[in-house]
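Please read the structure below before turning to the comments.
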Amino acid sequence: MLAQIHVTFKEGVLDPQGKTVHHALNDLGYDEVLDVHIGKYLEVKLDSVSEEEAEIRVREMCERLLANTVIESFRFKLVSTE
Amino acid sequence: MLAQIHVTFKEGVLDPQGKTVHHALNDLGYDEVLDVHIGKYLEVKLDSVSEEEAEIRVREMCERLLANTVIESFRFKLVSTE
Amino acid sequence: MKCGIVVFPGSNCDHDCYHILKKILNQETHWLWHKDEVDLSSFDLIVLPGGFSYGDYLRAGAISRFSPVMNSVIHLAENGGNVLGICNGFQILLESGLLPGALMQNHTRKFICKNVYVRVETTDTPFTQKCNDKLVLEIPIAHHQGSYYIDPHSLSDLEEKGQILFRYCDAKGSISESSNPNGSVGAVAGLCNEQKNVMGMMPHPERCADPLWANTDGQSIFQSLISQS
Amino acid sequence: MQNEPEITSQLVKDHGLTSDEYRRILDLIERPPNFTELGIFSVMWSEHCSYKSSRPFLKKLPTEGPRVLQGPGENAGVIDIGDGLAVVFKIESHNHPSFIEPRQGAATGVGGIMRDIFTMGARPIALMDSLRFGELDDPRTRFLLNGVVDGIASYGNCTGVPTVGGEVYFDSCYNGNILVNAFCLGLAKADRIFLAKAGGVGNRILYVGSKTGRDGIHGASLLASSEFDDTTEDKRPTVQVGDPFTEKLLIEACLEIMEFSWVVGVQDMGAAGLTSSTFEMAHRSHAGVNMDLSKVPLREEGMTPYEILLSESQERMLFVIEPGHEEEATIILEKWGLDAAIIGEVTDELGVRIYFEGKEVVNLPTLPVVDGALDLKRETQRPEYLDKIGHLNLTELPEPARGDKAFTKLLACPNIASKEWVYEQYDHMVRLNTLVLPGSDAAVIRIKDTKKAVALSVDCNSRFCYLDPYEGAAIAVAESSRNVVCSGATPIGLTNCLNFGNPEKPEIMWQFEQAVRGMGDACLYFDIPVVSGNVSLYNETKGEAIFPTPTVAVVGLIEDLSKVMTAGFKQSGHCIGLIGFTMEELGGSEYLKVLFDKNEGKPPVLDRKHEKQVQKFCLELIQKGLIQSAHDCSEGGLAIAVAESCFTATEEALGATLELESTLRGDALLFGETQSRIVISFPEELTDQIEDLALSYPVDFSLIGKTGGSQFTVSINGQEYIKQDIESAKEIWKTSLGRYAGQTT
Ligand SMILES: Nc1ncnc2c1ncn2[C@@H]1O[C@H](COP(=O)(O)OP(=O)(O)O)[C@@H](O)[C@H]1O
Ligand SMILES: [Mg+2]
């Protein structure tokens, strides 16, 4: 099983990297770019566990380690790798 | 329009972050974790352009700035924000 | 004062803290290995030093806070023991929830190593009692993830409770955007918990405490701790 | 092995071996090599590993001296500094990888040079970097600059080794080939230096560090052994990603293991990975090795012996330990969370046998592999360009009535502007040893628990080297040593990185030969042994070679660290003096380039005898406590040197007033780059004493002005030539590089 996890900054938290990349894209002539947000994308490969269990475990991993919930939120999807 | 971009290491390129987080998850008792890869997730908001044009422009942005194509590959999806 | 310096695998200011506490200030100083969960009740001060404890991979301090030694540190902190986190140590204290808020990438997006000025905002703590109020200290910073963030409501809460110990300022003590090197909210450079026994700061007082250099401003923090133990 | 490619002439060629070389292989091993063995010859006989073009010339460098504990030939050079301690240092290039992927290329360059140092049992205590880029108005240059600096910062900072100095130059000749030379210095006990030795039969080969992946196969060896062209893109997957956290663990674990007497030898896996470390270690010890590749920790599935042997995965080392201590070693490595495996043992065969999955896949004698590549007798020929640009006609250069414009233009030009934007991204203070931070002439590192300190500087003016490689290389030695002297140190050793174009061209080989001779002669004269070095050839793109760039790093020793000197003025009202004298030398100067876009003429003359006197005199002034600052004149000449001392004054910038008497052109007097000059400052009451000492040498010395005020003022023969507000001048100098670097388009 593969957990595809997205970790992004919460609303209201300034994302300096996104801002810089936004500017850089505009400078490069991509005027259509209105906003950029940069987050993390994690792929966690799991040994066969049931989907329900994986759901619980991955949520826990995110809360404990993979995201800092003071500033970040996360979402994830489980995909079968069979 | 919103471009959702995933930038990840190419196959075979060392991912030190992923490796370290993998160890950490195992140490925390998540023995089912077999592998971890860490990449970037970018959301680029675009001013109304046609989908075809956006496709070309976003690919170009990735190649020029957002991904380091020497060691990273990218994929993206365009979603309408109307 | 009996001091313990925690060594994580990627700590690199551990030796600097040891040098200052042991060689310069003549305090009893011990190493604490991150894999050991031990009774710390006999210690007067635990230092979480700077460095890149796990390469700063994922987020600085995120992985280290699960080290066995952190259970001991948290236990000590909850029982009123003094804990000082410097730079990466500050990041670990935030990640472990001993201090509120988070540290983000500098707004310059670059690592910054240089001398900055901080103003002492509270002298009513074990870490700053030897400082005069509004005293300006010149202290080096060296970090990539040092931009302090907390929501506005909690920030005013910190202010009210006197938990903000240091703010970035200029040589004369005034605070402006240009004197804030990393974009921290409220120019916060260091803060403590409500009980005032756990303190974290981004600047490195141990880098300006050896009299071989002209600047020894960092000593005031260590001297504060020594005088109360 | 099944499915191994057949050895064809095309395959041989693809491995960078000529048909002559292939025939030589057949002669030496008396049979055709198999595919894996061909790979081994390919990397070991590459320019990068075999030094086949450069070795004959390098033999002429002076490498001996009473303090030298280890000269060239090992991972790094070693110099005795007394108190039972030794410094271990080397500089190395990572040019090609950094051009392809600046961040990772530069990062792994730092990682590689650090491993060379701690492999010898020394704790790395300081890094420097010498960087060269093309023109900054090209966005590609800015991308490369940002990436390289970020890469060095990310790696050095994370490992906790301060980056304390370096240099950054910009010139169009580096547009297609940037230079990234990384220097590391370590501290060791003089009697605990480790060499790459295998020792006696039965010793175990212990693999330590990161797992082996497919990265960098043929990386350093092939990339650094051919020119760039449009197919370079295809070589891209050879780039490796660095893991500084693992490096930090390796440093600590290795130094801990090396405390034990059962460690016989150590070798890092650099270019050509497991292959070169195994063969070289066996060869140096007149021994053999049996190795089982099935035991090598692998990162990827399905790797072949060829790939395992040629991988250039980073952060890996080989230890040779006495049998019976495997478990002790493993416990320490586990403590630091590192992978480790016994992968072989030492034999008495003078050959290397390698097994994989039970089969023998390599069986080669060591000598032909390590030492079999024939030294190439490359032709040399003096390049024609020298005739065209060797003469500078000063009458064609309009002499400005005032120097203000030239002064501010020079302050803003990226070669002269402050490099603060660069070194602020490096942790240059960690470990509490950096007595003199970046921004002075040399960095000074104190040696804890002693009264000593070492001073470090890296230098090369490649414009001079282009105009005259012999003189240019000699000047590099003189300048670097002068920088070290200005901080109060006596030069004790030198390492060099020779960056040149394609050695197959006689003109390039001429530059190389001249530069090495110039460097060698200067080192001999100044009595500075060369203890380590590195050669980087093929720095050319589409036929355009870089300027010859023989970078040198000089290490100096300060016996009493209370006598450390810095470049900045200390106080208002001090006298400013000039050691040395100025000649009409504008050839190759920054002034000529910035104001007239010319690089021509003759570089300044280096009068070695005079240079030696100047350095000795300056050192004596420092040791006697007579002066308060010392700063050498380099790019931008006297005016810039004095201005820099103003800008780096203790608190805020200090102004200065210079009153000069001279028959020279104003621009030559102020911006010419005559060698052997040092700007000093001192309290007025010491003037007589200093003048008397100068007379006794004798060495030229003149009073040129006073510190103080808010202006930088220069008058020549009573006429005002420059007048600038010191704060605004400083602002230009301080922020200019950052402004350039920060532009996104
Ligand atoms: N790439 C770099 N990394 C670190 N420090 C640097 C770098 N480039 C320049 N510096 C520092 O900036 C100062 C000025 O450098 P440079 O102009 O080369 O001096 P000099 O002309 O005296 O050799 C020195 O202290 C040097 O160490
Ligand atoms: Mg220089």
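Numbered from 1 within each chain, the chains take letters A, B, ... in sequence-line order. These numbers come from a predicted model, not from an experiment.
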Looking at OH of B/Tyr30 and CE of A/Met61, how far apart are the two atoms once the value is rounded to the nearest 0.5 Å?
6.0 Å
Could you state the interatomic distance from CG (A/Leu25) to CG (B/Leu42), rounded to the nearest 0.5 Å?
9.0 Å
Hey, which of A/Ile38, A/Val58, A/Asp35 has the most heavy atom pairs under 4.5 Å with chain B?
A/Asp35
Side chain, backbone, both or neither of A/His37 within contact of chain B (heavy atoms, under 4.5 Å):
both
Is the NZ atom of B/Lys45 crowded by more than 12 outside heavy atoms at less than 6.0 Å?
no
Check whether B/Leu65 gets within reach of chain A through its side chain, its backbone, both or neither, counting any heavy atom under 4.5 Å.
side chain
Residue A/Ile5 versus chain B: region with a heavy atom under 4.5 Å
neither
Per-residue contact mode, B/Glu60 against chain A (heavy atom under 4.5 angstrom):
both
Using a 4.5 Å cut-off on heavy atoms from C-beta on, say whether the side chain of B/Leu46 contacts that of A/Leu34.
no
Atom CZ in A/Arg64, atom CG in B/Leu28: separation rounded to 0.5 Å?
5.0 Å
Go through B/Leu2, B/Val7, B/Val44, B/Val21 and name the one with the most non-hydrogen pairs under 4.5 angstrom from chain A.
B/Val44
With chain A as the partner, which of B/Ala3, B/Gly39, B/Gly18, B/Ala54 has the greatest number of non-hydrogen pairs under 4.5 Å?
B/Gly39
Determine the option with the most heavy-atom pairs under 4.5 angstrom with chain B, choosing from A/Met1, A/Glu43, A/His22.
A/Glu43
Could you grab the distance from atom CD of B/Glu53 to atom CD of A/Glu32, nearest 0.5 Å is fine?
6.5 Å
B/Asp31 versus A/Arg57, closest heavy-atom pair with distance
N-NH2, 4.3 Å
